Amino acid sequence: MSADPTIPADGMEGLAATITEGYQTLRQVTCLEDVYDIMDYLMDEVKDKYSNIRCKVDCAMCCKGLHPPYVTAVEWELILYYLNEFPQIIKDEIMRRARYYAVEYRDALILQQQMIEGKIPPEEIRTTYVTLSQSLKNASCPFLVMDKCGIYPVRPAKCRAMGNSLVQINDQVKVHTCAWEISNFEEYMRERHTRALTMPVWNLFEKVVEIINPKDSMKAVLPIWLITHMGINGLAEEIDPKPKIMI
Ligand code: SF4
């Protein structure tokens, strides 16, 4: 997509103004819940304007395959507190799913973690993505239950942004969504004879979430956070922001 995300698409001037206002509010936030509130508000506004977005109808495509998403320590902390409110039987089931994921997708998890930590040389990133998509093609997020998110109120920032935002990768801007929806957007832009889209840019939220995290804390995919917070006595009650990864 070559369109400049700062120039509003035709008919999207109102949405562009709302997004700018959202960005300004984002500068003042100090806690994750406030970031989530702004994100949810903006994502709802985007969904209202783009009737072509299909993920608003109980879609779980972005929870399968090369997901679950990478998550920062403050996001995991909120999820962990939420999980600890569940009855023991549910916590046991979550831990069973995490163990299954770790056994089934061990190599992919290690590779994914190396990607997140920037240990893959730039020239190998593309092939690593291909390897990961292949290895994780049958995987789904351990929190996905009957195509619904089991931690919806505290789902990570990346999940909130999926489908309703743009992502900037080097000098390229793309819709931040699954492959299925990308082709849907291509058709939408073809029909309108323009590649201009007005949506918030995920990278900005990513930066703000990083700023409110403790320095040097870990970033990892959800199964890694889960595995590193499981012990013989069950799920930990407090977060370890930089746990030792042993899978
Ligand atoms: S946390 Fe929820 S929304 Fe995010 S990938 Fe997992 S099931 Fe999907």
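In each ligand, atom 1 is the first atom listed, and ligand 1 is the first ligand listed. Nothing here was measured: the structure is a model prediction, and the numbers come from that model.
Among the backbone and side-chain atoms of Cys141, an N, O or S atom lies under 2.8 Å from atom 6 (Fe) of ligand 1. Put simply, Cys149 stays out of reach of atom 8 (Fe) of ligand 1, with no N, O or S atom under 2.8 Å from it.
A cation-pi contact links Arg160 to Tyr36, judged by a cut-off of 6.0 Å to the six-membered ring centre and 45° from its axis. Both cation-pi conditions hold for Arg155 and Tyr152: the charged atom is under 6.0 angstrom from the six-membered ring centre and inside a 45 degree cone around its axis. With Tyr188 as the aromatic partner, Arg192 meets the cation-pi criteria of under 6.0 angstrom to the ring centre and within 45 degrees of the ring axis.
Heavy-atom distances between Leu222 and ligand 1 reach below 4.0 Å in at least one pair.
Of all the heavy atoms of Cys63, the ones lying under 4.0 Å from any atom of ligand 1 are found in both the backbone and the side chain.
Ring-plane geometry between Trp225 and Trp76 is classed as parallel, the angle between the planes falling under 30 degrees on a 0 to 90 degree scale with a further cut at 60. Between Tyr82 and Phe86, the angle of the ring planes goes over 60°, which puts this pair in the perpendicular group of the 30/60° scheme.
With ligand atoms numbered from 1 in the order given, ligand 1 contributes 1 (S), 3 (S), 4 (Fe), 5 (S) to contacts under 4.0 Å with heavy atoms of Cys159.
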